[in-house]
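What follows is a short report on a single structure.
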Amino acid sequence: MPHVYSPEELFDMPFMGTSTKKRAPHWLGNILWVIVVFLCKIFTRYRVHGIEHLRAFRGRSGAVVACTHASFLDIAYMYCPPRPGQWLRLMARDTLFENPITAFIFARCGGFPVTRDSADRASIKRAVRMLKEGELVGIFPEGTRRGKTSITPEVHGGAALIARMAKVPIIPAAVSNVERVKQKGHLPRPVRVDVHYGKPIDVSSFDFLPKEERLDGCMWYVMRECFALRDGINPEQVDMRVLFPDAKDYTEAFRAEQREG
């Protein structure tokens with residue numbers, strides 16, 4: 001009888017990348033990918049922009065993919081575009097793994113849990129290992145769905161910490177119009193959804209900031225790039241004070257660095 005892997009075993013097995021270790025079984029992930037891509041293409045006719053920024057790392061190195069978060073559907077739109085050439089290991093909140101069925105599905109699609117609003121060292125080490133083995137790791141840095149909960153989105157430096165520890169860049173990403181697919185009190189409706197990937201950002205580029213602010217400053221910059229991609233505008237036009245009212249504003253710091261550079 002073939003071995004049935006537990007979610008915990010799958011969390012620590014490579015799905016793709018450069019590792020020579022035994023890879024996780026792909027059968028369920030492949031089936032679900034075909035189904036989800038079909039549904040997304042038929043219902044939302046989604047388009048992907050900047051996929052070359054992901055492909056540049058294929059077979060070479062890992063990268064953190066940091067994405068905006070407005071809907072549960074963001075998970076599907078992050079999961080679909082990299083396949084079949086690459087596999088995104090999505091870091092998702094631990095409550096999604098409490099149910100045995102969803103844990104079974106997420107684990108076999110490459111997902112792994114993280115405890116929100118805590119220093120989850122196990123998840124950080126797991127993500128770093130994946131990146132060092134040439135895999136893509138997807139993260140929602142805001143920590144919550146924007147506009148869907150009472151929690152104010154924040155700029156978390158965790159994604160930058162993971163990228164720095166693994167010595168890999170961060171790729172900003174965004175999903176446009178996904179929040180319009182299913183609105184509260186209404187049935188799902190077909191809308192055009194666009195998935196965007198931006199140019200890789202090197203965490204070491206922020207050494208001009210005070211040491212204790214480099215991770216937060218890096219993620220502030222990354223999220224500004226993400227929202228610029230989402231809205232189709234220049235990063236300087238993104239109003240970060242409105243998007244992240246409780247975060248330190250680094251606009252002048254980056255302007256000064258740009259002038260000096």
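All residue numbers in this chain count up from 1 along the given sequence.
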In terms of heavy-atom contacts, Ala174 and Thr68 come closest through CA-OG1, 3.5 Å

**Report entry** 4.5 Å side-chain heavy-atom contact, Thr18 and Glu135
**Finding:** no

Worksheet entry | Pairwise side-chain contact, Ile201 with Pro172, heavy-atom cut-off 4.5 Å (strictly under) | yes

All heavy atoms of Ala163 vs all of Val203, minimum pair found to be CB-CG2, 3.7 Å

Exactly one candidate in Arg192, His196, Arg47, His49 meets side chain to side chain donor-acceptor pair (under 3.5 Å) with Ser176; the answer is His196

Closest non-hydrogen contact found for Val195 with Pro81 is CG1-CG, 4.2 Å

Practice item. Determine whether Ile75 and Phe140 make a side-chain contact, defined as any pair of heavy atoms from C-beta on separated by less than 4.5 Å. Key: yes

Inset, instruction - Any chance you could lay out the side chain to side chain contact (heavy atoms under 4.5 Å, CB included) test for Leu54 and Arg58, step after step, and finish with the verdict? - result: CA-CA 7 Å; Leu54 288 187; Arg58 183 179 177 182; over 6 Å; no

Between Pro200 and His53 the two heavy atoms that sit nearest each other are CD-ND1, 4.1 Å

Taken to the nearest 0.5 Å, the spacing of Asp239 CG from Asp231 CG works out to 11.0 Å

Can you check whether Asp94 reaches Val114 side chain to side chain, under 4.5 Å on heavy atoms? no

Between the CG atom in Leu88 and the CZ atom in Arg83, the distance rounded to the nearest 0.5 Å is 10.5 Å

Rounded to the nearest 0.5 angstrom, the CZ-CZ distance for Phe11 and Arg129 is 11.5 Å

*Would you please classify the geometry between the Phe254 ring and the Phe208 ring as parallel, tilted or perpendicular, with 30° and 60° separating the classes?*
perpendicular

Practice task
Answer yes when Arg55 and Glu52 have at least one side-chain N-carboxylate O distance shorter than 4.0 Å, and no when they do not.
Solution key: no

To the nearest 0.5 Å, atom CH2 of Trp87 lies from atom CZ of Arg23 at 10.0 Å

Do the side chain of Asn234 and the main chain of Glu236 share a donor and acceptor less than 3.5 angstrom apart? no

- prompt: Checking Glu154 side chain against Ala247 main chain: does a donor-acceptor pair fall under 3.5 Å?
  reply: no

Hydrophobic clustering (ILVMFWY, side-chain heavy atoms < 4.5 Å, transitive) - are Met16 and Tyr5 grouped together? no

Residue pair Asp216, Tyr250: steps toward the side chain to side chain contact (heavy atoms under 4.5 Å, CB included) verdict = CA-CA 10 Å; Asp216 287 343; Tyr250 287 91; 4.2 Å; yes

When rounded to the nearest 0.5 Å, the distance separating CD1 of Ile139 from CZ of Arg89 is 12.5 Å

Ring geometry between Phe97 and Phe106 (parallel below 30°, tilted from 30 to 60°, perpendicular above 60°) = tilted

message: Grouping I, L, V, M, F, W and Y whenever their side-chain heavy atoms are under 4.5 Å apart, do Ile233 and Phe244 come out in a common cluster?
response: yes

Salt bridge present between Lys21 and Glu133 (N-O < 4.0 angstrom) = yes

Can a side-chain donor-acceptor contact be found between Thr44 and Tyr77 if the only test is distance below 3.5 angstrom?
yes

Hey, are the side chains of Pro14 and Met130 touching, using non-hydrogen atoms and a 4.5 Å cut-off?
no

Answer with yes or no whether the hydrophobic clustering places Leu131 together with Phe15; edges join I, L, V, M, F, W, Y residues whose side-chain heavy atoms lie under 4.5 Å apart. yes

Regarding Arg126 and Asp12, does a basic nitrogen lie under 4.0 Å from an acidic carboxylate oxygen? yes

Discussion item. Grouping I, L, V, M, F, W and Y whenever their side-chain heavy atoms are under 4.5 Å apart, do Phe38 and Val48 come out in a common cluster?
Written reply: no

Subject >> side chain to side chain contact (heavy atoms under 4.5 Å, CB included) between Trp220 and Phe206, intermediate numbers included >> reply: CA-CA 11 Å; Trp220 186 95; Phe206 301 88; over 6 Å; no

Rounded to the nearest 0.5 angstrom, the NE2-CG distance for His156 and Leu161 is 13.5 Å

- Message: Main chain of Pro113, side chain of Ser123: is a donor-acceptor contact present, judged purely on distance under 3.5 Å?
- Response: yes

I'd like to know whether Phe112 forms a side chain to side chain contact (heavy atoms under 4.5 Å, CB included) with Leu90, so could you lay out the CA-CA distance, the side-chain angles of the two residues, the decisive distance to 0.1 Å, and finally the verdict. CA-CA 6 Å; Phe112 63 103; Leu90 187 64; over 6 Å; no

For this session: Tell me whether Val37 is reachable from Val34 by hopping between hydrophobic residues (I, L, V, M, F, W, Y) whose side-chain heavy atoms are closer than 4.5 Å.
Result: yes

Donor-acceptor contact below 3.5 Å, side chain Glu142 vs main chain His69 | yes

Requested in this report: Taking only Lys NZ, Arg NE, NH1 and NH2, and the carboxylate oxygens of Asp or Glu, determine whether Arg230 and Asp194 approach each other closer than 4.0 Å.
Outcome: no

On a heavy-atom basis, the closest approach of Leu209 and Ala253 is CD2-CB, 4.1 Å

Exercise for the section: Answer yes or no: is there a side-chain heavy-atom contact under 4.5 Å between Leu10 and Ser6? Expected result: no

(message) Surrounding NZ of Lys41 (heavy atoms of other residues, nucleotides or ligands, distance under 6.0 Å), is the total greater than 12?
(response) yes

Closest non-hydrogen atoms of Gly50 and Tyr197, given as atom of the first, atom of the second and distance, are O-CB, 3.4 Å

Worksheet item: Quick one: does Val137's side chain get under 4.5 Å of Val65's, heavy atoms only?
Response: no

Side chain to side chain, Leu28 and Phe104, heavy atoms closer than 4.5 Å = yes

